[in-house]
Amino acid sequence: TPVLLMGENDTGKIAVAEILHAATGAPETQMVRIDCSLSSEASFRDGLIGENGEGGAWVRQAKGGTLFLQHLQCLTPPIQKDLVSVLRNTAHGFRLVCTTTEDLELLTDEGKFHDELFYRVASLPVQMPALRDRTEDIPLLVKSYLGKATSPHFDANLIEFTDDALAVMTAYHWPGNLTELFQLVSKIAATTETRIVTSQQLPLRLRELKNWPSLAEYLAGQEKQYREMVLHACRGDKAAAAKVLGVEVAVLG
């Protein structure tokens, strides 16, 4: 089943694609990763479409594995149309995983994205929440990133962030999502001379109250996260989710 990963940049879509590939592909198969925002139309025609529209080198390399197309919304209309022809050929035998930072359903409704391509890539849509909408994960992510960091003074795994530091990090809006958090943790691990990290050791941009959301914004984010969690638990059944939430189905979009 094709998987469409939706959300802002740096929300973990690449990691999810790698997990999907590892879970479903044989060890010797490849995950062929193509960034649609960087490749030229000529490259797509050669690697993705092929001479006869039956799939080029990238498609052949992905056989038995995963074809991973990032920023799918950047494909030109002619390439979108030709990609539909490639996907109609079920002989390729690969898992298709795509990502988008834009609402492809809306673009399709507006006539800006090929409708058949949307239906073919969005069999299993997965919304990847921004870090500001999943702040309860920050302590776990910090611990994970410390395991990848280096420190001149300590074993980075032994570095601890105090409760007040984590509270400040939770309140921050994280425009750079996971990449920004990883870079922050790595920098602190490399520069701290104390094993215990307090809020005063965090960058000023995190501690400035102007960067904190209002109560209404914070609560709206928590409400959105809870709606998505209930919808996921109901396997996408909006009527069932609305009943659990006590809201009208229209509220769920």
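Being a predicted model, the structure only gives us computed values, none of them experimental.
- Looking at E180 and R205, a side-chain N of the basic residue comes within less than 4.0 Å of a carboxylate O on the acidic one, giving a salt bridge.
- Heavy atoms only, all atoms of each residue included: M169 and F161 are closest at SD-CD2, 3.7 Å.
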Report the C-alpha distance between F118 and L107 in whole Å, list the side-chain angles of each, state the deciding distance to 0.1 Å, and finish with yes or no for side-chain contact (heavy atoms from CB on, under 4.5 Å). CA-CA 9 Å; F118 171 70; L107 293 180; over 6 Å; no
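- At distances below 3.5 Å, at least one donor-acceptor pair connects side-chain atoms of T170 with backbone N or O atoms of L166.
- Across every non-hydrogen atom of S39 and I34, the tightest pair is OG-CG2, 3.9 Å.
- Considering only residues two or more places apart in sequence or on other chains, R45 meets the salt bridge (Lys or Arg N to Asp or Glu O under 4.0 Å) condition with E41, D82.
- Between Q73 and L104, the shortest heavy-atom distance links the atoms CB-CD2, 3.8 Å.
- Contact check for V126 versus V16: no side-chain heavy atoms found under the 4.5 Å cut-off.
- Scanning for side chain to side chain donor-acceptor pair (under 3.5 Å) contacts around Q61 gives an empty result, with sequence neighbours left out.
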Checking salt bridge (Lys or Arg N to Asp or Glu O under 4.0 Å) for the pair E8/R132: CA distance, chi angles, key distance, verdict? CA-CA 11 Å; E8 297 176 10; R132 61 181 173 276; 2.3 Å; yes
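- Considering only residues two or more places apart in sequence or on other chains, D46 meets the side chain to side chain donor-acceptor pair (under 3.5 Å) condition with none of them.
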Pair F182, D10 - check side-chain contact (heavy atoms from CB on, under 4.5 Å), show working. CA-CA 11 Å; F182 177 73; D10 300 319; over 6 Å; no
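- Closest heavy-atom contact between V59 and L67: CG2-CD2, 4.4 Å.
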